Q: 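I have a structure here, written as structure tokens, and I will follow up with some questions on it.
Numbers restart at 1 for each chain; the letters A, B, ... are given by sequence-line order, proteins then strands. Keep in mind it's a predicted model, so treat the numbers as computed, not measured. Hydrogens, waters and symmetry mates play no part in the numbers below; they use all other heavy atoms, side chains included.
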Protein chains: 2
Amino acid sequence: MSQTPTPNPPELVLLKKLWAQGPLPVRVLHDACADQLDWSFSSTRKTLTRMSDKGLVVYQKPEAKGVALYTARVSKTATLANMARDFMRRVLEVDGPLPHVVFSASKLLNDEELEELEGLLGG
Amino acid sequence: MSQTPTPNPPELVLLKKLWAQGPLPVRVLHDACADQLDWSFSSTRKTLTRMSDKGLVVYQKPEAKGVALYTARVSKTATLANMARDFMRRVLEVDGPLPHVVFSASKLLNDEELEELEGLLGG
DNA sequence: ATAAATATGCGACATTGGTCACAAAGTCAA
DNA sequence: TTGACTTTGTGACCAATGTCGCATATTTAT
């Protein structure tokens, strides 16, 4: 269960955009992340295909007319929860339940998502 | 200033041992981390030389008699502070000062070190 | 219908990190 | 001294990642 591969830094940037905006065409995604990933369009594309191979995103071919879209395949809360848990345990060696404060300071999560996280990490 | 390269997972394991025990010969370090790094002795050695190249540790040749020792070259608090800051900002997008709770839950830090961290991260 | 602009499919190359094996050099007890 | 065992120095290999470029399909504006 839960073999959600941990996204590496650039992958996370792309995923965040997809989480925030929903399915996007490569070009748009690239432009939207251009400030954070100082990349060529090719790099963005390649990274996206590799992410697709790993199951982090889903590639949808255009149906006759229109552009292809990429959609996040992994859940935002689950991904962040995994990353946070790994970091806390591996780096800081925190072993009990993670302090909930950590997440509430995040600009990425709203109340609903915070509750969800609470569930994912609880115990 | 502060081009302290972020140690990757195995590197961090080795560093932690050095922080806790002080300078150690490779063999000892290897044995001490054997449970966490399921590695051959060669891997430990290679990783150590690469860490030396990066400036994470210092290699001390034996002076005529005795074994070579590796010593951590980067500070524990500074390293953990950097890693935590990076993680919080990059992954969770926390932008204010980091919640101090995060560290107090860590089993790696004593009160003195916690204060030091406070200083490093404050502002 | 064409050419200009885009989008896609692929292959390529360099670096880093994980992981060893092997051979030369050193150490030490019998 | 002479093995036996350890330490060191190196070279190798492969997978993942960062990073492109190019050639071919597609789309779209004139």
Q: Output the rest of the hydrophobic cluster of A:V101: all Ile, Leu, Val, Met, Phe, Trp and Tyr residues reachable through side-chain heavy-atom contacts under 4.5 Å, sorted by chain and number.
A: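 Members alongside A:V101: B:V101.
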Q: I'd like to check A:L120 versus A:R85 (side-chain heavy atoms, cut-off strictly below 4.5 Å). Are they in contact?
A: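 The answer is no, as the side chains (C-beta and beyond) never meet within the 4.5 Å cut-off.
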Q: Check the side chains of B:E11 and B:T47 for a donor-acceptor pair under 3.5 angstrom, ignoring hydrogens and angles.
A: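 The answer is no; no qualifying pair exists.
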Q: Give, ordered by number, those residues of residues 25-49 of chain A having at least one heavy-atom distance below 4.0 Å to an atom of DNA chain C; if nothing qualifies, reply none.
A: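 Nucleic-acid contacts, sorted: A:R27, A:F41, A:R45, A:K46.
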Q: What's the CG-P distance between A:L69 and C:dT6, to the nearest Å?
A: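 Result: 18 Å.
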Q: When the nearest nucleotide of DNA chain D is assigned to A:E11 and to B:A68 on a heavy-atom basis, which residue is associated with the more 5' position?
A: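 Whichever sits nearer the 5' end wins; that is B:A68.
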Q: Strictly by side-chain hydrogen bond (donor to acceptor under 3.5 Å, both in side chains), give each pair with a member in residues 88-97 of chain B just once, sequence neighbours left out.
A: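 Residue pairs passing side-chain hydrogen bond (donor to acceptor under 3.5 Å, both in side chains), neighbours aside: A:K16-B:E93, B:D86-B:R90.
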Q: Measuring to OP1 and OP2 of C:dG9, would you say a side-chain N or O of A:Y59 lies under 4.0 angstrom away?
A: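 For C:dG9, OP1/OP2 do have a side-chain N/O of A:Y59 under 4.0 Å.
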Q: Which value, rounded to the nearest 0.5 Å, describes the distance between B:C33 atom SG and B:L14 atom CG?
A: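 Spacing of SG (B:C33) from CG (B:L14) equals 5.0 Å.
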Q: In whole Å, I'd like the distance from the CG atom of B:D53 to the C1' atom of C:dT16.
A: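 Interatomic distance, CG of B:D53 to C1' of C:dT16: 12 Å.
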Q: Is there a donor and acceptor pair, one atom on the side chain of B:R50 and one on the base of D:dT10, closer than 3.5 Å?
A: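 There is none.
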Q: Please lay out, stage by stage, how B:E116 and B:T77 fare under the test side-chain hydrogen bond (donor to acceptor under 3.5 Å, both in side chains).
A: CA-CA 7 Å; B:E116 207 180 315; B:T77 43; 2.7 Å; yes
